[in-house]
Amino acid sequence: MKTRVTAVFALVALSLFFCSGAFAAALDAFKGEKGEIRIAGGTAHIPVMKEAAARIMGLNPDIQISIAGGGSGVGVKQVGEGLVDIGNTGRTPTEDEVKQYSLQMFKWAIDGVAIVVNPANKIRSLSQDQAAAIFAGKITNWKEVGGDDKQINLYTRDEASGTREVFWEKALKKGDIAATANVIVSNGAMKGAVSQDPYGIGYVSVGHIDETVAPVAFNGIEPSMENVKEGKYPVARGLFSNTKGEPAGLVKKFIDYLFTEEGQQIVVEKGFISVQ
Amino acid sequence: MGEVRRLQEAGVLVFSWLCGVLLLGAVIAVIGYLFVHGWRSISLSLIFGATPPLDALLMKRHVFNGLFPAVVGTLSLIVLSVCWAIPIGMASGIYLAEYAGAGTKAFLNLFFDILAGLPSIVVGLFGFSAAIFLNRLFPGSIHPCLLISSIALAFLVLPYIIRTTQMALEGLPLSARLTALSLGASKLQNITHVLLPQSLSGIVSGVILAIGRCAEDTAVIMLTGVVASAGVPRSLFSHYEALPFYIYYISSQYTDREELATGYGAAIILLCICMVLFLTAFVIKRQVSYHALYRA
Amino acid sequence: MRRTKEHAVEIFFVFSAYFSALLTVVIFGFMLALGLPLLAEGRIFSIMTQPWAPHLGQFGIQPMIVGTLAISLLSMLFAFPLSLGCAILISVVSRGTVSWLLRKMVEMMTGIPTVIYGFVGIFLLVPLVREFFAAGSGMCVLSAALMLTLLVSPTMILFFCESFARVPDSYGKAVLAVGGTEIQKFFHVTLPNSWPGVVIGFTLALGRALGDTLIALMIAGNAVQTPNSLLDSARTLTSHIALVFAADYESLEFKAIFACGIFLYLFTTILVMAVRLLGVGRERWAR
Amino acid sequence: MEKAVKIRTENLCFSYNGRTILHKTSIEFAEREITAIVGPSGSGKSTFLLTLNRLWEAIPRCSLQGTVAMNFDGSFHDIYREGYPVTRLRRQVGMVFQIPNPLPMSIYRNVAFPLQLKGGLTKETIRAQVEDCLRKARLWDEVHDRLHSSALDLSGGQQQRLCIARALILQPEVLLLDEPTSALDHATAAAIEELLLELKKNCTILLVSHYLNQVTRIADTVIELHNGTLVRKGEKA
């Protein structure tokens, strides 16, 4: 126990040391600043936001950054209403939204949305039609797509989710999602649910895929980072941060920071694709 | 005849023991599961992450990957909510017990019963819409935050405090009520010098149970300003973190095993806080009955 | 001088009491005012019967009403016999230290945070249900009802025990005096004389089950469908509010959650009224 | 010589819980005397005492008609007059209950409590008066070394004397005693009787009592409460 704590300490101390050396320039902008940034919206963004906040607040304790989830819909509405400073979306805000709230959009990462199944499931590839039929509830047994004779358990995201929006639009071609589907409120929970259900199927942000779930090729294309980056994998999206009107002051500095070398490195570390 | 009766009685016996074993077994399973899976994550770094505890406590540095902000958030919520709820709640309870006539009492009690029965999410929804309403009225000044959450939580526990104050005062014997009056005390002097001190233990145990309610509630705060990550709240108008919400958040958003482990840790800490509060209330209350036995 | 001070304090007492009462009305007022646009156009009926499909302009909360009732009534179905059994165990069957200990354990259970039940539910109960029935995801009406049972039982048990204790001892002695057993005494005297208390305990627990958010939100699956079986995923009114509250404040979607709020408010009011009527009955019974 | 009248009731009607206790009763109580009130148990003797310091007003389901006048500073005052200061009345009319009712405070604070409620006195004055009253109540010798321990630890007789001391500290002109010795043993009761005889030099005392021999020993006047009226039974020569 003790050794682990010490190890963590050492690691953090080391990384702090390197950060301060290598990226001093990027964080310099926050020196002497004071104030609060409130962020809400897409859940996929949270790991990056948290890491950025940790670095900024670690350097300057006078800055307070709060990060809430809620999904892309929440992000747009809350920033539009002036309840938060930055609203994150995992999709491009609609024209109506942009107009109504005079949103400024900043796309700082690219992400793919991949179909995932339990690693115990043999299925590793689905066509667009198969995927649409499964999520519409028309195919209800794994044997119909070449798997075991077991009922398919559907998992979908809540309606405020940007991941759901992108998946629905680009993978399902705006087809129905069965009402029987279990509704999960985040990428992490989706992964948790599918990893625990041998006959479940769901979709998560590519950045969230790890050994607990198995990614499924879509129309024969693997949802790998490379494929998303090269534009081969079709179910992809940008990760946006939106502000109401032109960002200013601390908020502007925060968004600028996301586009610095250090910011983009966080993006890559958290499993997304850099925009540069 | 006797045979049937004996069988029936045996049936009742078996059934009741079965129910007892089932219920306690289930609860022990829940708590045991939590501890078996979570005790390993209990350590100083669970609370303070990588930040030296002293720096965190002195607010010199932010804590990341630790529960410290959530613990502080929950504590500030408790303190604030109880601060709002105690004066209003006790005053209402005193009014009901000492001033209101029977009709008024029945009338007001109906409202307090409804308030006590409202699902916490409805109170949360009220807090949220009130914040939006105020934000419309005074643009940019009010948004869901610690202040709004604590006020909404105060509304949630208000009926508890009203009820315990009222019950504690009404439970006093007539003789206790008349003593100070016969010595020339005014009604208010009688309340403040004699009646309240004598019913204090009942009121305090009620307040402690209200604190437990503030500590565990999730539905109200998730609508009124709690967030996934905010650091230690700096002002009443900050977003904040809280233990119960953290547990909910982790259960649905965890990205890896380590993060999940902190969820277990948070659950154990919250459970311990609530149990300690419960035991405190129990000790205080038991002393009441102890005293009552000796006086009778 | 002192009189004016006393007067000021007394005014504060009155003010507080009426403020607290008014709060109850204001909360309902808020729900009504914000939900009104949806209810105004004579759409109460469609709200209650339609499914939820915002992209089709349908904002019915019927699936949520059914989900709420299904989960809470099922949990009461489990919890009522369980609680009655436990209450009998505590007040009749066991004696001395065992009874005291059981009672303290049950009292202690009232202090366990809801979110803990939800949390353990996800990682312990949901996989168990899934494995056992080998169907569905495990996030279902049954799982939520089982966890809710644990949540509401202590309330009921304590209330039952208290009601049993209120039955005058002399009644029971009469049974014992003619050679009856403790259990006969319970069934012939204690239970018949405490039934209003038993019904009140049931009603209070039902109120708790209807109003709980976290357990259903975390383990009922939240699918927007009318559940057809115990293993179907369902959404309650409370979790619907939690899931939709962040939508556009102007949209009908957002307003629909106030309809949920109104329903929950009305459920509560009805239960409180029921308890009051029963309470009056109980007083009369006791005399 | 006709004795000066201290208390006069006129057409006093009193009911408790719908039951009539007094019906149109007019009676006078003489100054600096011990008047004993006797009557069958449950006839409302104790309740009658409460009409003289308006303490019944704190008890639900009571009602009263008629007047009670008391002679303070040489003239009669109607104590039920609109706006009559009830707290001042209760300071002038002390009361001791059947069951000793010390407050859960120290011995010292119990006795000093009425003065603290009244306010406006220095600590030294209060201390001197507490000692004086404890001496008058013949309790000083027993408690002077533990004034700050809890009053609840005293024996029954000590508690009752403490309550008398507490009632005396406001220097009441009238003292109402509700069977003050019924909860006490014989010797303690005798000590309290002796105390009352001494107190009547400065005080009008109304004593509700069951014990006929007690009444004959110490009362100057005996009044019986029967069927809702008070009847003068006898006077000592």
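Letters go in sequence order (proteins before strands), and every chain restarts at 1.
- With sequence neighbours left out, the ring-ring contact (aromatic ring centres under 6.0 Å, His included) criterion links C:F12 to no other residue.
- Using cut-offs of 30° and 60° for the angle between ring planes, the B:F126 and B:F155 rings count as tilted.
- Using a 4.5 Å cut-off between heavy atoms, C:L34 contacts chain B through its side chain alone, with no backbone atom that close.
- Taking B:E98, B:H37, B:M222 one by one and counting their heavy-atom pairs under 4.5 Å with chain C, the maximum is reached by B:M222.
- Both the backbone and the side chain of C:L82 come within contact range of chain B, each with at least one heavy atom under 4.5 Å from a heavy atom of that chain.
- The greatest number of non-hydrogen atom pairs below 4.5 Å with chain C, out of B:P244, B:G93, B:A266, is found for B:P244.
- A cation-pi contact links B:K187 to B:Y99, judged by a cut-off of 6.0 Å to the six-membered ring centre and 45° from its axis.
- Of the two parts of C:V92, neither the backbone nor the side chain holds a non-hydrogen atom closer than 4.5 Å to a non-hydrogen atom of chain B.
- Heavy atoms of C:E107 lying under 4.5 Å from chain B belong to its backbone as well as its side chain.
- Residue B:L24 touches chain C through its side chain alone, counting heavy-atom pairs closer than 4.5 Å.
- Each of B:S120, B:G124, B:G212, B:G263 has some count of heavy-atom pairs under 4.5 Å with chain C, and the biggest count is that of B:G263.
- Only the side chain of B:I94 comes within contact range of chain C, with at least one heavy atom under 4.5 Å from a heavy atom of that chain.
- When heavy atoms are compared at a cutoff of 4.5 Å, B:L209 does not approach chain C at all.
- Residue contact with chain C, scored on non-hydrogen atoms closer than 4.5 Å, involves the side chain of B:T104 exclusively.
- Of the atoms belonging to B:A215, not a single heavy atom falls under 4.5 Å from chain C.
- Contact of B:V122 with chain C is made through backbone and side chain together, with heavy-atom distances under 4.5 Å.
- Heavy atoms of C:S239 lying under 4.5 Å from chain B are absent altogether.
- Neither the backbone nor the side chain of B:L243 comes within contact range of chain C, judged by heavy atoms closer than 4.5 Å.
- Contacts between B:L18 and chain C at a heavy-atom distance below 4.5 Å are absent for every atom of the residue.
- Interface summary for chain C: among B:V21, B:D217, B:L277, B:N109, the most heavy-atom pairs under 4.5 angstrom belong to B:N109.
- For chain B, the option among C:E182, C:M105, C:M31 with the highest count of heavy-atom pairs below 4.5 Å is C:M31.
- Of the atoms belonging to C:P81, heavy atoms from both backbone and side chain fall under 4.5 Å from chain B.
- Both the backbone and the side chain of C:M108 come within less than 4.5 Å of a heavy atom of chain B.
- No donor-acceptor distance shorter than 3.5 angstrom exists from the side chain of C:S91 to the backbone of C:I88, with no hydrogens or angles considered.
- For B:M275, the CE atom is densely surrounded, since the number of other residues' heavy atoms within 6.0 Å is greater than 12.
- Proximity to chain B is limited to the side chain of C:V9, based on heavy atoms less than 4.5 angstrom apart.
- No side-chain N or O of C:Y18 forms a donor-acceptor pair with one of B:S92 less than 3.5 Å apart.
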For residues 263-271 of chain C, please give each side-chain donor-acceptor pair under 3.5 Å, one per line with the distance, not counting sequence neighbours.
| from | atom 1 | to | atom 2 | distance (Å) |
| --- | --- | --- | --- | --- |
| C:Y265 | OH | C:T24 | O | 2.6 |
| C:T268 | OG1 | C:L264 | O | 2.8 |
| C:T269 | OG1 | C:Y265 | O | 2.8 |

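- Interface remark: C:T238 contributes backbone and side-chain atoms alike to the contact with chain B (heavy atom separation under 4.5 Å).
- Note: B:S129 leads B:A267, B:C274, B:A219, B:S129 in heavy-atom pairs under 4.5 Å with chain C.
- The aromatic rings of C:F80 and C:F202 sit perpendicular, their planes meeting at an angle over 60°, well past the 30° parallel limit.
- Neither the backbone nor the side chain of B:F245 comes within less than 4.5 Å of any heavy atom in chain C.
- In terms of non-hydrogen atom pairs under 4.5 Å with chain C, the most contact-rich of B:L108, B:I247, B:L125, B:I273 is B:L125.
- C:T114 touches chain B through backbone and side chain together, each having a heavy atom under 4.5 Å away.
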